[in-house]
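Each chain gets a letter, A, B and so on, in the order the sequences are listed, and its residues count up from 1.
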Amino acid sequence: MNVLEGLNPQQMEAVKHYEGPLLILAGAGSGKTRVLTNRIAWLIDEKDVSPWNILAITFTNKAAGEMRERVNNLVGFGAESIWVATFHSTCGRILRRYIDRLGYDSHFSIYDTDDQKSLVKELCKSLEINTQMLKEKRIMAAISSAKNELIGPAEYAAAAGSDFITSKIAAVYSAYQKELKKRNAIDFDDMLMLTVELFEKNEDVLDQYRDRFRFIMVDEYQDTNTAQFRLISQLAGPEGNLCVVGDDDQSIYSFRGANISNILNFEKIWPQAKVIRLEQNYRSTTNILEAANHVIANNRSRKKKTLWTENENGPLIHVKEFDTAFNEADFAASQIASLVSRREASYSDFAILYRTNAQSRLLEEKLLMRGIPYRLIGGVNFYARREIKDLLSYMRVIDNTSDDLAIRRVINVPKRGIGAASINKVAGYAAANGLSFYEALTRGVQIPGLGRAAVKTDAFVTFLQALRGKAQLLTVRKLLEEIIEQTGYIKELREEGTDEAKERIGNIEELISKAAVFEETAADPSLSAFLEEVSLVADIDEMDEQESRVVLMTLHSAKGLEFPRVFMTGMEEDIFPSSMSMMEDDSGSAVEEERRLCYVGITRAMRELTMTWAHTRMLRGETRYHERSRFLGELPADRVDAGGPKEKTVRPSSSGPALPSGNRSTFRFDKPFKREPVKAAVKADRLDYAQGDTVSHIKFGTGTVLSIVDGGKDYEVTVDFEKYGVKKMFAGFAKLKKL
DNA sequence: TGATCTGCGGTTTTT
DNA sequence: CCGCAGATCA
């Protein structure tokens, strides 16, 4: 296959770039992945670069998987030895091998957000920090950004000085790192920070990886934070055979430490860098692209560039206004249903995007009602579910007995009669003697005050030891099944028999098949590797383009994807841009990030884009009013649909920015929030059914009304459905019919 | 010790 | 509105 075929001149130039640093500024849909993969193939084919010497880094497993697949198709022989991975799994692999140089053991656990929170909470308690005043979340965010900036506890404490809050955070940070190390655990941010530290302190290790990774590619470069930037700088070395691809207009992760200046600094660190711009878009219609260009032009801080396309105009952008978010959601569902029934589209053509995960609920409801299959990305992570975390915690303890959090999670699951009192005694003894929780546990009766409970803890220790012994001989999947068997986890759920229990069993079965897939496909099928892999799964990784389903996800998750037809919902001030972004008094940079997010959303669409907004929307249980989003006003009038007969339409600005950047603060103040909840907006005066009546529901079928409670805003009706059991619902939404 | 109840706070985005 | 944490009861 000719890797240069069909490339435009700029793409060609990028693909044929051999040695030295290269910055590719690639607009949305300009074929950047193609350029990256073809360049890899070109290096191998034309320059005899060994696949072994190539590293390609992405942010998500999904992106890595796609790149891997495309590279495999392009590079026949040796493609598997190209290292294609995310930042985090790259660091994971390096650390598994060399983390002993930093005083950890190679069986380290990876703490996720929940684990971090438990630890921070624990530390706040022992440091006597009032978490009402200084929230765990804030501490976690501070620690995370410090790590992203490669600031260790000591440096953080020094910078904190006498500032009360900051010095408290510094104290937690220091204790947090100490405790993690004691537990032989690291968090997400540590993966990066520790790898950088490893390279800094161990020249031999860095040299070894430098020698291997002679050619480095980085995707979504605009999202790199300082730690990631340092890492690739270390690997690339001064000669810098480094090729990065990014788009400053799609930088939407500054809250996670992403640093736009990494793009600007690129040419400073490597003055010899070549810069190539890819501005031709192959994805979207002219109307969509013009809309995107017009909106993003309102941002002041950006590298000026204008995407263009040879594609046809296509349909106009539809902008629809609704009274309520219900109608909005229903509209999206009905549009999809009618297009699919007319065979003009298939479910997988559609994506419904929104700003916050909470907005998915309504949409799900409406899709469900119409029987439209959908895939929800995000929300509660599969691996964060209780049953999954329980089982994984067992595996964590088996892999790493120092993981106090994991062992304390499972010590009484299933119930073993070891309660909080006993746990505290063991923990106290462990702390006093510098032992891990597990080590303390093995001391049994020696622990003061444990008394008769020691019989139970001893049994637990024996149980764990037996499992640990077996683990040596078992594959990951078998081990998991053994744990389930020995603990009676599924058995217990089966006896419970509720819908919820059934769902949990389903989740466990899914975990087993994930373990099965893992042990068949992983290069390193060890327990540590399995636990690492499941820790690093992102929501978006769960998406499968092959499915014939509508996809629901946040605008953030949508980055890097494309769909023939896109709905952007909740286009309202305070929702999108979010109220948070407007509160910050930072000269509008947060709003600019929201605008980039809007740009990302618009440019996901290939053919048809529908943007919707609603005057009222339920938020945390109260109905709130919203104005239409300023971003709608920034659309070019000549690209927007005049609207159907049913809905009123928006008057977009004729040209230019709707809101000069300098005016942001005044704008904020002359538009006070309307926060009064609307009572009786949806509440019917009375219901045409009563307790004991038989009613029918569009999805749940027929059932008997058990009770009706006047909840103020609406009636809450409890119905016992024949097929689905007892459900609680609101009369205004459920649209129950008396039979 | 375990199960149930109540009150409160939370939602911006995530590897 | 929902989920969680602490309080309260069996």
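A/Tyr221 and A/Asp247 share no donor-acceptor pair across their side chains, judged by distance under 3.5 Å alone. With hydrogens and angles left out, the side-chain atoms of A/Thr226 and A/Glu149 include a donor and acceptor closer than 3.5 Å. Of the N and O atoms on the side chains of A/Ser535 and A/Asp112, not one donor lies less than 3.5 Å from an acceptor on the other residue. Under 3.5 Å, the side chains of A/Thr224 and A/Asn262 contain a donor-acceptor pair of N or O atoms.
By the neighbour-count criterion of 12 heavy atoms within 6.0 Å, atom CZ of A/Arg68 is densely surrounded, having more than that number from other residues, nucleotides or ligands.
Going from atom CG of A/Asp187 over to atom CD of A/Gln116 covers 4.5 Å, rounded to the nearest 0.5 Å.
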* Asked: A/Val534 and A/Phe518: side chain to side chain contact (heavy atoms under 4.5 Å, CB included), yes or no, with the steps?
  -> CA-CA 10 Å; A/Val534 301; A/Phe518 171 83; over 6 Å; no
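Each of A/Arg617, A/His615, A/His626 was evaluated against A/Glu572; a single residue qualifies, A/Arg617, per the side-chain hydrogen bond (donor to acceptor under 3.5 Å, both in side chains) test.
For B/dT11, one of the phosphate oxygens OP1 or OP2 lies less than 4.0 angstrom from a side-chain nitrogen or oxygen of A/Lys137. Between A/Lys135 and B/dG9 there is no side-chain N or O to OP1 or OP2 distance below 4.0 Å.
Taking atom CD on A/Glu622 and atom P on B/dT11, their separation rounds to 16 Å, with Å as the unit. For the pair A/Leu362 CG and B/dT11 P, the interatomic distance rounds to 20 Å; values are reported in whole Å. Taking atom CZ of residue A/Arg620 and atom P of nucleotide B/dC8, one finds them 16 Å apart after rounding to whole Å.
A/Tyr253 and A/His556 have tilted rings, their planes meeting at an angle from 30° to 60° on a 0 to 90° scale.
With a 4.5 Å cut-off on side-chain heavy atoms, A/Met571 and A/Cys598 count as touching.
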* Structure fact -> Scoring nucleotides 1-6 of chain B by protein non-hydrogen atoms under 4.0 Å (B base, S sugar-phosphate only, - none) yields SSS---
* Under 4.0 Å protein heavy-atom contact, by nucleotide of nucleotides 3-10 of chain C - B base, S sugar-phosphate only -> --S-----
Taking only N/O atoms, report every protein-nucleotides 13-15 of chain B pair under 3.5 Å with atom names and distance.
unit_1: B/dT13; atom_1: OP1; unit_2: A/Asn357; atom_2: N; d: 3.3
unit_1: B/dT13; atom_1: O4'; unit_2: A/Arg355; atom_2: NH1; d: 3.1
unit_1: B/dT13; atom_1: O2; unit_2: A/Arg355; atom_2: NH2; d: 3.1
unit_1: B/dT13; atom_1: O2; unit_2: A/His556; atom_2: NE2; d: 3.4
unit_1: B/dT14; atom_1: OP1; unit_2: A/Thr554; atom_2: OG1; d: 3.1
unit_1: B/dT14; atom_1: OP1; unit_2: A/Ser557; atom_2: OG; d: 3.4
unit_1: B/dT14; atom_1: OP2; unit_2: A/Asn357; atom_2: ND2; d: 3.4
unit_1: B/dT14; atom_1: O4'; unit_2: A/Arg256; atom_2: NH1; d: 3.3
unit_1: B/dT15; atom_1: O4'; unit_2: A/Arg256; atom_2: NH1; d: 3.4
unit_1: B/dT15; atom_1: O3'; unit_2: A/Phe59; atom_2: O; d: 2.6
unit_1: B/dT15; atom_1: O2; unit_2: A/His88; atom_2: NE2; d: 3.3

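The cationic group of A/Arg596 does not satisfy the cation-pi geometry with A/Tyr599, failing either the under 6.0 Å distance to the six-membered ring centre or the 45° limit from the ring axis.
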